[in-house]
Number of protein chains: 2
Amino acid sequence: MRADAQRNRERLIEVAHEVFKERGLDAPLDEVARRAGVGPGTLYRHFPTREALHEAIMATWIEEVAGQVEKAMATEGGCREKLLAWFEEYVALLTRHQGAAAKITASLGCQDSPLRTKCQTYADANESVLAEMADNGVLREGVDNLDVCRLLGGVATMADHSSLAPEDVRPMLDVIANGVLKA
Amino acid sequence: MRADAQRNRERLIEVAHEVFKERGLDAPLDEVARRAGVGPGTLYRHFPTREALHEAIMATWIEEVAGQVEKAMATEGGCREKLLAWFEEYVALLTRHQGAAAKITASLGCQDSPLRTKCQTYADANESVLAEMADNGVLREGVDNLDVCRLLGGVATMADHSSLAPEDVRPMLDVIANGVLKA
DNA sequence: ACCTGAACACCGTTCAAGT
DNA sequence: ACCTGAACACCGTTCAAGT
């Protein structure tokens with residue numbers, strides 16, 4: 001890759017990060033190209049689809065997921081507190097950008113989405129937490145990881161669309177925790 | 001209202017219903033006007049915003065909500081079966097059109113949305129079911145109606161985005177039921 | 001009072017011409 | 001090999017001219 005191409009690519013990711021944070025994942029791509037100081041054709045050369053650009057951006061926060069699992073599991077208290085700390089983090093990680101939660105969770109099931117490999121990281125992280133709960137004997141029988149991921153994705157999407165504060169999200173996570181843990 | 005205006009209005013709602021069912025609530029409004037045989041300006045005169053058109057369409061299925069509550073409460077079995085039958089119906093009512101679940105649930109909280117009065121019907125219906133559960137002493141303390149509505153809206157939105165079949169939705173509703181009912 | 005449809009604006013996407 | 005920016009397409013929205 002030529003040096004100027006490399007620079008343009010990095011600059012585009014950086015600028016897209018800003019623009020998407022400000023105006024959501026559906027923000028005009030023109031704006032991204034303009035702020036990065038390149039023609040629209042250059043953006044399309046590097047990222048043929050909007051999703052390709054999303055994917056490139058999410059790569060940066062995906063790296064944090066594993067660390068957040070550890071942090072949540074180190075929470076003071078019992079299994080319930082640890083689980084809820086993780087749920088809150090999961091929702092926070094999904095709602096970093098407007099529109100992200102719905103898109104990531106939607107690509108959980110289907111094999112062909114460009115986001116799939118990325119969102120698999122979320123699913124794996126959640127699975128590891130559920131496995132720990134099972135080891136401690138507090139997980140209900142028959143609770144499926146994919147279902148929990150979708151429930152959390154649904155909560156994150158609602159939080160996103162209604163701009164909910166963490167304290168408004170918490171009661172929903174409580175219900176899910178009740179539903180996932182043994183009585 | 002003039003007779004031709006009346007006819008146009010009805011025809012627009014009818015056609016919009018078809019178009020939105022086929023292509024989702026974000027379908028081009030041009031298409032609606034074209035199929036209805038009117039100019040785009042006429043559509044805008046009757047429905048100044050896309051949401052106004054959504055609202056007009058939803059008015060037709062809103063009428064069914066009360067009936068579905070009764071039907072669900074008549075389900076064979078205990079409280080849990082009744083509750084789950086209602087949850088399934090709630091999700092079905094929200095996913096009649098692509099994109100509807102997210103929009104309706106998003107307008108649950110905010111006072112100024114044109115959809116608010118309509119989606120209030122959903123919230124009221126759910127509240128009546130929860131109240132019945134409480135009367136039977138099976139509802140957990142501190143379960144809030146709005147939170148349950150949002151959880152169900154989240155499930156419906158995920159079902160919508162991933163085109164989930166009822167059997168894939170059911171396990172999520174089981175978790176919510178577990179979380180809402182006493183152990 | 002209502003309708004039409006041309007006109008404008010905005011944005012996504014492509015591609016011929018440049019370096 | 002990569003970039004530019006004009007050009008086209010599509011769709012939302014408005015409004016002057018009609019009936």
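Lettering follows sequence order; numbering is per chain, from 1. These numbers come from a predicted model, not from an experiment.
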B:R50 side-chain N/O to B:L25 backbone N/O, donor-acceptor pair under 3.5 Å: yes
Distance below 4.0 Å between A:N8 side-chain N/O and D:dC2 OP1 or OP2: no
Phosphate-side-chain proximity, B:H46 and C:dC3, N/O vs OP1/OP2 below 4.0 Å: yes
[X] [atom1] - [N] [atom2] separation (whole Å):
X	N	atom1	atom2	answer
A:L43	D:dC2	CG	C1'	14 Å
B:H54	D:dG12	NE2	C1'	13 Å
B:L12	C:dC2	CG	C1'	13 Å
B:E10	C:dC2	CD	C1'	16 Å
B:F47	D:dT13	CZ	C1'	17 Å

Matching residue for A:F87 among A:D174, A:N126, A:L151, A:V169 - test: side chain to side chain contact (heavy atoms under 4.5 Å, CB included): A:N126
Transitive ILVMFWY side-chain link B:L173 to B:L139, under 4.5 Å: yes
B:R45 side chain, from C-beta outward: closest of D:dG12, C:dC3, D:dC3: C:dC3
Indicate yes or no: at least one non-hydrogen side-chain atom of [X] is less than 4.5 angstrom from one of [Y].
X	Y	answer
B:F47	B:I13	yes
A:P40	A:R34	no
B:H161	B:T157	yes

Side-chain donor-acceptor pair present, A:R45, A:N8, cut-off under 3.5 Å: no
is_close_aromatic(B:F20, B:H54), centroid dist under 6.0 Å: yes
Canonical and wobble pairing (Watson-Crick, G-U, under 3.5 Å) of DNA chain D, dot-bracket with |: ||.|||||...|||||.||
So which protein nitrogen or oxygen atoms get under 3.5 Å of nucleotides 5-11 of chain C's nitrogens or oxygens?
| from | atom 1 | to | atom 2 | distance (Å) |
| --- | --- | --- | --- | --- |
| C:dG5 | O6 | B:G41 | N | 3.4 |

Salt-bridge present (B:D26, B:K103; N to O < 4.0 Å): yes
